[in-house]
Every structure is written in structure tokens, then in C-alpha cells.
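What follows is one structure encoded as C-alpha cells, with my remarks underneath.
Just so it is clear: chains get the letters A, B, ... in the order the sequence lines come, proteins before strands, and each one is counted from 1.
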There are 2 protein chains.
Amino acid sequence: MDKKIRLVDVAEAVGVSAVTVSRVLRKPELVSEAVRLRVTEAVARLGYVPDPAARALASARTDVLGILIPSVTNNVFSAVLRGIYDRVEGLPLNIQLGNTRYSVLEEERLLGVFTRQRPAGLIVTGVDQSARSKALLRQAACPVVQIMEIGDDPIDMMVGLSHRDAGRAATRHLRDRGYRRIGFLGARMDPRTQRRLEGYAEVMKDDGIFEERLIVTTRRASTVTLGCELLSELLSRAPDVDAVFCNNDDLAVGVLFECQRRRISVPEDFGICGFNDLEMMAVAHPSLTSVRTNRTEMGRRAIEMLIARVAGEPIDTPVVDLGFEIVARRSSLGPSRREAPFST
Amino acid sequence: MDKKIRLVDVAEAVGVSAVTVSRVLRKPELVSEAVRLRVTEAVARLGYVPDPAARALASARTDVLGILIPSVTNNVFSAVLRGIYDRVEGLPLNIQLGNTRYSVLEEERLLGVFTRQRPAGLIVTGVDQSARSKALLRQAACPVVQIMEIGDDPIDMMVGLSHRDAGRAATRHLRDRGYRRIGFLGARMDPRTQRRLEGYAEVMKDDGIFEERLIVTTRRASTVTLGCELLSELLSRAPDVDAVFCNNDDLAVGVLFECQRRRISVPEDFGICGFNDLEMMAVAHPSLTSVRTNRTEMGRRAIEMLIARVAGEPIDTPVVDLGFEIVARRSSLGPSRREAPFST
DNA sequence: CTTTTAGATGATAGCGCTGTCATTTGTCAA
DNA sequence: TTGACAAATGACAGCGCTATCATCTAAAAG
């Protein structure tokens, strides 16, 4: 067993002082080329890796990026994570993931732990942090990005979209396609889902076709199975419902399967619109309409904003609206149209 | 802005020494109740949170659990993560996630970073680490669990299943149900998928029905869309194929959608078996047969083994086989049986 | 009443690194 | 040749905590 190699060990091997080795690692331009090469060689030969704890303690900084998301299982967040990991690749940054489990208290606790680590940056989900969380974030000596949603009053920076607008757009889409008794299926009912519900309700009310019985929600997490169940519930409450706006795509797929089982024709007898536009929506049979959100891009942008801020660059737009797009597919073609303009 | 509260600040406020405060936090049973209460109160009042870097440096230990997985997007790993997070809940442990992106080199690099942090434990995916990675892990002064797979020669502990056996079982299942020209669809082709392919090939060869043309694989990541594409490829290569073993479930769902599109009757004209038994398999129409793996349990057990080892408890079985189960559903009922014993 | 011992607390010395100086060396103009 | 100044390197003092050993108190034992 070789003992742990320390900075001084490298310094000794090269015949320079520890500070010089430290500089080679952090600010190589301050060291002469001759020394730099010898040090670099020794570092490689001895397999020296700096101790992050010592480094953090001495410099009062870390290369840790703290990311707080409500769920590691949810497809939506894995897409964001992919964007984050993609963008961070090659940079001297380490991702530390915190799972808040949709709990404001857990978020507060994790934020306490995270901010103590003097992270290089923090990413948190949504805009509904507790007052204490927000205070912690404002005090944090690092840039902060709120992702997934946008709103007034950013803590620092934001990148996301307006879920209320997206809810409105999806509902209008179904209405414009000729559906009238449009249901709303919601799982988890986190703040973003609730805002989509608000958007839905606004449009329905504006059109004078709003009905409480068309809304079925649950606190349970979104799954395909839940989509089946919620549709069954909706159909028993409102047998005349002719379309449904699902939050999220899992539910939409479940709804499709349940329709297949019940021999309800989609889109002729029943329209379906999902949310997030997961990859599978395009290849379902019939293909499923959804609201595309740029989740991977969201993660990427969040990192870019953090990097820019760390580098001291001025941020021209601290609140970035990534928007959304209704991806109209067969499942919302409109009622009783038997001919099929779409091939899928 | 209140300056950062340090251990000494708390000590001063209470009128004891810093060591005492430290003890209250780590080994409260060594401190008298009176002092303990006063310290606890002051900690809460001042909002003191220990500096993890200082703690790590001084004690040469951390409360970090390093987890190395090949993908954050893959459903399979999110299930494992859920098990891990569930089990860790309430324990003084922090998860640090590393994304190896199915790259042995990236795994090596991350392992270098992670082991330097003196983690409380490490979890790595699979059994195919590079020689250097294995050396790093063996030298690491912490327990190590390899998850997802089992094999001889564990670095320390293992919890998983035999993917070769699972591949054999799935193939036998399709064969026993009466299918003969059984295809194999594989995405990503990581070591575990390859072992399942091995299992498939063994059974097919034993039965004298093995054919290269029935195997369609790709390095691309598994998606529903890819399932559609791979099935199309398979059908063009071998139009007479009558069933398919898909790795993973994403592919199976894609295959189902493609069958619906091509009006191929499942299971009468075509049998489907997936892998992992994702939640949606049960509610698809027709319901999809799959191989259930206990992924959440895997995460949970891995943590439990780490905890036990840290606590110095003897580990009776360092290699835990969590097994698998063929969940037979309608999609593999057998060819040309028109009556439907299953309701779904 | 002294000695022993456990229980409770404190003093001190780092952990491995970096920030902040101070010092040495080399270069160039006067 | 000399002084001025930049470039290169080093000395040293912590960062905030914990391990270790020392000290002190009070109760138990003799």
C-alpha cells in the first residue's frame, strides 16, 4: 500500500516548495516552464490528486455545484440532469445532487447542508422555496439559478417557462381542434402542475365550458398506471368527456392504453394531450400530442449562466424564458374525423 | 449579513470549550445532560452548521457516499437511486452521484476524484471496472458495493443478479410458449445486455434454433423510438420472426407500438418479452411480459451493506443475488391462440 | 480521610492545502 | 556597473474542525 501522496511529497520529489506545486496546479502561468514541466511530470508519476477537503478549507471555495431537484425518478428531471452533466463535462466542477422529494422542508435542510459547503453554484427547482430557503440562497456567496419555472422576483437567475401559459396553450389547442368537454388529469400536483391547471381553468372559464367534475387530480406520483386509473375515474364522473389534458406524458400514455382497452377511438371519440413531450409520444399508436419543454436545454443553460457568473461576466438576461411548443399529433386531431391526414 | 457561525462561536456563547461542542454534535453521550442541552439550544439558536471540509480534513472521514452509475437518464438507474435515497433518508450521509456515461475511462477518472474524498462508502455499477479502477477500489479505505450484477471475485461486496441467467429464462419462456423464431433486440450493449444476449444465444443454440439474423443490436441508448426502429430492421431481415426478447422495456413498448401500426397481432402472431418490468408494462394493451429485477431493493440493500460494514458488523454474504422473475403477461401468451384467458 | 476510578471537560496539535506576504533571481535602462 | 522593477519562488500562518492526551471533579472503595 502506497501511502497517500500529498502536495509536499510532490514538492520534495521535484525539489521545490509546496506552494510552487500548488501554483502549477491552479495558476500554471505564474510558474516557469522548466519547473512546471518537472512538477507536472511528478504529479503524474506519483498519481497525486489534491485533497478536496483541504483545498476547500484553505481557499474557502469548492468546485461543487449543488443541484436540488424534487425527484430522481421523474423523467423530466433526468432530462434536465442530462443537460447539466453534458454541459459540465470537461469542466473542473463536481455535481452534488440533492433530492428534496417535493418537500419544502427537506429542501430547506439540504440547502443548509449545501450552502455550508461553499459551493461554486446552486441550482434549485421552481420558484416556491420557503422564506428560509430563499434567505439562505440570497446569503449564499455563490450564483443561484432557479430552473423549470420563471416568475417575477428571481433570487438571482432563472431559466424555465411559464407553466400557466403552457396550460392555457394546451387547453386552447384541444378546444380549437373541436373538443368541448375537456378534462384535466393531474398527478403529484406540485406547484408547476397547479399552474398548468390554472391555465387550463382560465381558458375553460373564458369559454364558458369550465366544469369541476372534469378535473381529476391526485397527490400520487405520475405513472402510466395512474393514467389508466385517473381516466377511469374521470369517465365514471363524466362519461361525456371528449378529451383530456394530461400532466404529464406518463398519464397520457396510460390514458391511451386505457382507451385501447375500452375501445374508445383516439382521436375520433377522445382527444389526448400530454405534457413534456417525452420521446415515446411521437411513436405511440396513435401518436400523442404533447407540450414540448426544453428540459435538456434548461439544464445546459443553467450551467452556462452559473459559469458566466462565476467568471464575472455580466448577465444580460437573468430570467430566461425557454418557452414551450404544442406538438400536435394524431391524438388531438379532432372529434369524429374518420379520414386520417396523418400517416401515424 | 451575519458572519459565518463557527464551532468556537457556539462554544463562546455557551461558555464551554470548542471540543465540548464538537462532542455534543458527534458523541452526545460523553457530555453531561446539562451542558448538552445548553449547547444544543445554542446550536439551534445560532443556526450553526458544521463545515464539512474542516470536518473531513480533521477526521480523515466524510459522510459522503459515492455512487457511480453509467446514466442518470435511464429508468433502471433511477429506480436504483430511489432505493438508495429511500434507505439513506434520515441517516447522516450525503449522496454524491457520478455519471460514468458507460465509459470505463470516465469511471476511472471519477473514482480518482471520489476516493480522494475519503468517502464513507462507494457504490459502483457492474463488475467490469478497469484494472486501475479495481485497484483504486481495493485500496479505498471504505466499503465498496458493486451493484446490478453479480460475479465471482467481488472487490468487496456485491448485490445484483445474473443477467445471463435472466436472458436464458426469458428466452426459455418464449420458447415454452410456443414461439420458435425468437429475435433479440439490444440497445446500448453494455456488459449486462451482452450477458443477457449470451443467455439468449445459449438457449437458442441448445434448441438448435439459433440464427444470427434474428439478433439486432445497436450501441444507441434504449428508447421507445428505437424499439420501433429495431423491430422494423428485424422484420426486414427476418420476416418470419415470431417473437422478440427486448432489452430493455423501452424497446418492448416501441415494438408493441410498431406492431399496432403494422397490424401485427400480439401475442397471436408475435410474442414480446421485455426486460426490467417497468411499471407501464402491466397496463400496456396488450399487457407486456417482462423480467422483473428488484432495482429499488438493490439500491436499498447496497446501502444496508455499506452501513453494516461501516458499523463493523460482519457481512455473512458479501455477494447477494437478488434474482429475477419472469412476469408472464398477455404479450407472450403464445402463437395463434385466439381465445383470451387474460382479461387485459 | 485518603486513594482509586469513572465521568466530564479542556488544551494542544495538527489534517493538507492556499492566501499573503517576503525574498531571491533575472532583465533592462541609465 | 548600478538601481529599478518584474518574474519566480518560498516562508509562514491559518482555514474550522477533531484526535489525543491531560486535567479536574465527584463519587466509590479502602
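Between B:Ser59 and D:dT18 there is no side-chain N or O to OP1 or OP2 distance below 4.0 Å. Within the structure, a side-chain polar atom (N or O) of B:Tyr48 is placed less than 4.0 Å from OP1 or OP2 of D:dC17. Listed pair A:Ser22 / C:dT18 meets the phosphate criterion, a side-chain N or O lying under 4.0 Å from OP1 or OP2. Dashed line: the shortest gap from a side-chain N or O of B:Ser32 to OP1 or OP2 of C:dT9 is under 4.0 Å. In this model, the phosphate group of C:dG16 is not approached by any side-chain N or O of A:Arg55 to a distance below 4.0 Å at OP1 or OP2. Regarding contacts with the backbone of D:dC15, every side-chain N or O of B:Lys4 stays at 4.0 angstrom or more from both OP1 and OP2. A sub-4.0 Å separation between OP1 or OP2 of C:dC17 and a side-chain N or O of A:Arg26 is absent. In this model, the phosphate group of C:dG10 is approached by a side-chain N or O of B:Thr20 to a distance below 4.0 Å at OP1 or OP2.
Across the interface with DNA chain D, nearest-nucleotide mapping of A:Val16 and B:Leu7 shows A:Val16 to be the residue nearer the 5′ end. Taking for each of A:Gly15 and B:Ala18 the nucleotide of DNA chain D with the nearest heavy atom, the 5'-most of the two is the partner of A:Gly15. Nearest-nucleotide assignment on DNA chain C puts the 5′-proximal partner with B:Val35, out of B:Ala54 and B:Val35.
Within 4.0 Å (heavy atoms only), A:Arg23 reaches at least one base atom of the nucleic acid. Residue contacts shown for B:Arg36 are absent, as no nucleic acid heavy atom lies under 4.0 Å away. A:Arg61 comes within contact range of the sugar-phosphate backbone alone, with a heavy-atom separation under 4.0 Å but no base atom that close.
Salt bridge status for B:Asp156 with B:Lys134: absent, with no side-chain N to carboxylate O gap under 4.0 Å. Taking 4.0 Å as the cut-off between side-chain N and carboxylate O, B:Asp190 and B:Arg192 count as a salt-bridged pair. Between B:Arg101 and B:Glu107, none of the side-chain N atoms (NZ, or NE/NH1/NH2) sits under 4.0 Å from a carboxylate O, so this pair counts as no salt bridge. Under 4.0 Å is where a charged nitrogen must lie from a carboxylate oxygen, and between A:Arg109 and A:Glu106 at least one such pair does. Using a cut-off of 4.0 Å between Lys/Arg side-chain N and Asp/Glu carboxylate O, A:Arg300 and A:Glu304 are scored as not salt-bridged.
When the C1' atom of D:dT18 is taken as reference, atom CG of B:Leu30 falls 13 Å away, rounded to whole Å. Rounded to an integer number of Å, the gap from CG of A:Asp9 to P of C:dC17 is 8 Å. Here C:dA8 presents its P atom at 14 Å from NZ of B:Lys27, a figure rounded to the nearest Å. Nucleotide C:dG19 holds its C1' atom 13 Å from the CG atom of A:Leu57, rounded to whole Å.
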